[in-house]
Asker: 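To start, I am sharing the structure in question, which I have written as structure tokens.
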Amino acid sequence: AFRMGRAFRALGAHAAALDCFRAAQELLKEPGDQFSRHYLADAHFQEGLTLLDQGQIRSARKALEQALKVKAEYSEARSVLNDLSRRVERQSGEGGSEEKLIGQVLDAVASSNPDRRREAMISLREFPEFPEIREVLVKISDADPDPDVRFEARRTLGQLPPSSQWTVGPDWRGENGQLDLSRLSATLASDNLALRREALHAALIEPDVTMAPMIAGHIRREEDPLCLAQAVALLGRTGSRVDVPLIEPLLQDRSCRVVANTIEAITQLAGALPGSSLLSLLESRDNRVRGNAVLCAMGARRPPVVEHLRQMAASDKLAMRASALYCLERLQDPAVETIALDMFQEETTAELTWKITSLLARIGTARILPRLEEIAEFRDSRQGYAVFLINALRAQGPDSGNQ
């Protein structure tokens, strides 16, 4: 596991490398001998270096500190940790204040350079405990003019831990097992925006059909885009076809998040979108809106969407390719294999390459082996993934359903 992690890191496959290093740490905890202690410290050290490769400074620091706890005389880990501390101090001013560092990141959010704003969205993942971050991310995820920046803001939002004010627990249900909606109802009537968001987030984790009338009433009066998007998603899981006329006007909402969730909710409740709305949504500038519209169209068997997906998959925009892959992972269509293989051959980011590899390992057939063997001959970042896929497809054998 440790050596596989080193190999994946050398290829730039950071997510796979982290999985391997963490698996090695679990395996090396038990023996407790000097040999195991050395490699356990090294597994933490390599995890720290991999996190640094991704710009995750605070997580890297924790991994390096753990390496030194296991092996106090580990000079390389101490050297990297000292360099890292000096870097943070230079970035944040006197005393290495994290408040000053996050202030610099938040300043970058207002930059006119979209690449700098996108990097700021990624950097904010390092400061999950700062309360103002969630508000910034919500605003950027809805309003930023660049789709890649909105995409990174949403990904960062999804990685932030929820606050401790709302959790799903035994107090949701009474002694008879029936859902007690009084707490949810009171909170949704509150002027406290953060509490409304947390309550809806918690309800989405454990939806119940008895919530539907209350959520429908809340949709009529909610003004916050994130709360409205959450409520629409919740109604899609708990309501019925009769709720569609209530949320159909939200297909024209200014918030892309609301529109995307409305598409998904209408599809869940009615099976398809109105034909008059579908074509305009397929041309939306927002990738999640377009992705959900494509999925809805595929479910309704409307033709030009496969070709539309192929064009999205070949885009030079990361967020566009990510939306295409999101759709491909959920489709049952013979064309998916070919589109995914084309993406695999051209993709430059480690994260999407790994997701495409996982998709091909699940749906790939022997037909793609010749192209994979050609890719495996080149010593580039895809070589390791290609070898992995070749072995996975050959291991399925001639009797496999994928053949």
Side-chain angles (χ1 to χ4, degrees), residues 1-24 26-27 43 46 50 53-54 155 287 291 294-295 297-299 301 303 305-403:
F2 175 78
R3 288 171 179 164
M4 283 289 289
R6 293 287 299 269
F8 275 125
R9 180 173 175 245
L11 288 169
H14 296 131
L18 288 172
D19 287 343
C20 290
F21 290 137
R22 287 162 183 166
E26 290 299 317
L27 293 167
Q46 292 295 333
T50 307
D53 292 341
Q54 297 179 294
R155 283 212 308 173
N287 296 298
V294 168
L295 285 177
M298 289 297 283
R301 294 182 175 83
V305 290
V306 174
E307 187 55 35
H308 195 84
L309 264 183
R310 194 185 303 276
Q311 294 173 16
M312 289 171 62
S315 170
D316 58 355
K317 290 281 191 180
L318 172 62
M320 186 83 78
R321 300 196 303 276
S323 291
L325 186 57
Y326 172 87
C327 297
L328 292 171
E329 289 171 332
R330 290 157 176 78
L331 296 183
Q332 299 290 329
D333 192 285
V336 170
E337 182 187 49
T338 305
I339 298 173
L341 185 58
D342 290 340
M343 289 186 77
F344 178 78
Q345 193 157 5
E346 300 298 329
E347 185 54 51
T348 56
T349 67
E351 183 177 2
L352 280 193
T353 301
W354 178 249
K355 288 184 177 181
I356 297 165
T357 302
S358 302
L359 174 61
L360 286 172
R362 175 167 59 84
I363 67 162
T365 68
R367 290 190 299 271
I368 66 174
L369 282 173
R371 278 183 68 183
L372 289 173
E373 288 165 353
E374 290 177 8
I375 295 170
E377 291 179 4
F378 294 94
R379 291 185 174 274
D380 63 11
S381 60
R382 278 174 288 276
Q383 186 183 46
Y385 297 105
V387 172
F388 169 81
L389 277 173
I390 290 167
N391 292 334
L393 295 181
R394 285 178 177 166
Q396 292 168 0
D399 297 327
S400 167
N402 279 6
Q403 304 296 322

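Counting from 1, the numbers follow the sequence of the chain as shown. The model shown is predicted, which means the values in this text are computed figures rather than measured ones.
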Asker: Arg382 side chain to Glu347 main-chain N or O, any donor-acceptor pair under 3.5 Å?
Answerer: yes
Asker: Is there a donor-acceptor pair under 3.5 Å between the side chain of Arg310 and the backbone N or O of Ala335?
Answerer: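 Side chain of Arg310 to backbone of Ala335, a donor-acceptor pair under 3.5 Å: no, none is there.
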Asker: Using the test side chain to side chain contact (heavy atoms under 4.5 Å, CB included), find all partners of Arg371 that sit at least two apart in sequence or belong to another chain.
Answerer: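 Listed in chain order: Leu341, Asp342, Gln345.
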Asker: Can you give me the closest heavy-atom contact between Gln46 and Arg9, atom names plus distance?
Answerer: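 Looking at all heavy atoms of both residues, the shortest contact is OE1-NH1, 3.6 Å.
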Asker: Can you confirm whether Met343 sits close enough to Leu328 that some side-chain heavy atom of one is under 4.5 Å from a side-chain heavy atom of the other?
Answerer: yes
Asker: So which atom in Ala313 and which in Ile339 form the shortest heavy-atom distance, rounded to 0.1 Å?
Answerer: CB-CG2, 3.7 Å
Asker: With Glu26, which residues qualify under salt bridge (Lys or Arg N to Asp or Glu O under 4.0 Å), at least two apart?
Answerer: Lys29
Asker: Run the side-chain contact (heavy atoms from CB on, under 4.5 Å) test on Ile390 and Glu373 for me, step by step, so that the C-alpha distance in whole Å, both residues' side-chain angles and the decisive distance to 0.1 Å come before the verdict.
Answerer: CA-CA 7 Å; Ile390 290 167; Glu373 288 165 353; 3.8 Å; yes
Asker: Do Leu372 and Phe344 have side-chain heavy atoms sitting under 4.5 Å apart?
Answerer: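 Result yes, sub-4.5 Å side-chain heavy-atom pair found.
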Asker: Is there a donor-acceptor contact under 3.5 Å from the side chain of Glu337 to the main chain of Gly364?
Answerer: no
Asker: Looking only at non-hydrogen atoms, find the nearest pair between Ala1 and Ala23 and report the distance.
Answerer: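 Residues Ala1 and Ala23, closest heavy atoms: CB-CB, 4.4 Å.
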Asker: Which atom pair, heavy atoms only, marks the closest approach of Leu11 to Gly384?
Answerer: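 In terms of heavy atoms, the two residues are closest at CD1-CA, 3.7 Å.
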Asker: Just how far is it from atom CD1 of Ile356 to atom CD of Glu346, taken to the nearest 0.5 Å?
Answerer: 10.5 Å
Asker: Quick check for you: to the nearest 0.5 Å, what is the distance between Thr349 atom OG1 and His14 atom NE2?
Answerer: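 Thr349 OG1 to His14 NE2: 11.5 Å, rounded to 0.5 Å.
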Asker: To the nearest 0.5 Å, what is the distance between CZ on Phe21 and CE on Met4?
Answerer: 11.0 Å
Asker: Quick check: closest heavy atoms across Leu359 and Ala340, and the distance to 0.1 Å?
Answerer: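 For Leu359 and Ala340, the tightest heavy-atom pair comes out as CD2-CB, 4.0 Å.
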Asker: Run the salt-bridge test on Arg321 and Glu351 with the 4.0 Å N-O cut-off and return the result as yes or no.
Answerer: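 Looking at Glu351 together with Arg321, the answer is no, because their closest N to O distance does not fall below 4.0 Å.
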Asker: Checking Thr365 against Leu393 for the side-chain contact (heavy atoms from CB on, under 4.5 Å) test, could you report, in this order, the C-alpha distance in whole Å, the side-chain angles of both residues, the deciding distance, and whether it holds?
Answerer: CA-CA 7 Å; Thr365 68; Leu393 295 181; over 6 Å; no
Asker: How are the rings of Phe8 and Tyr385 set relative to one another: parallel (under 30°), tilted (30 to 60°) or perpendicular (over 60°)?
Answerer: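 Judged by the thresholds at 30° and 60°, the geometry between Phe8 and Tyr385 is tilted.
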Asker: Looking at every heavy atom in both Ala361 and Leu389, which two are closest together, and how far apart are they?
Answerer: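 Closest approach of Ala361 to Leu389, heavy atoms only: N-CD2, 3.4 Å.
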Asker: Calculate, to the nearest 0.5 Å, the distance between atoms CD1 and CG belonging to Ile368 and Leu360 respectively.
Answerer: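 Atom-to-atom, Ile368:CD1 and Leu360:CG are 5.0 Å apart.
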Asker: Would you say that Lys355 contacts Glu329 through its side chain, given a criterion of any heavy-atom pair below 4.5 Å between the two side chains?
Answerer: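 SC-SC contact between Lys355 and Glu329 confirmed.
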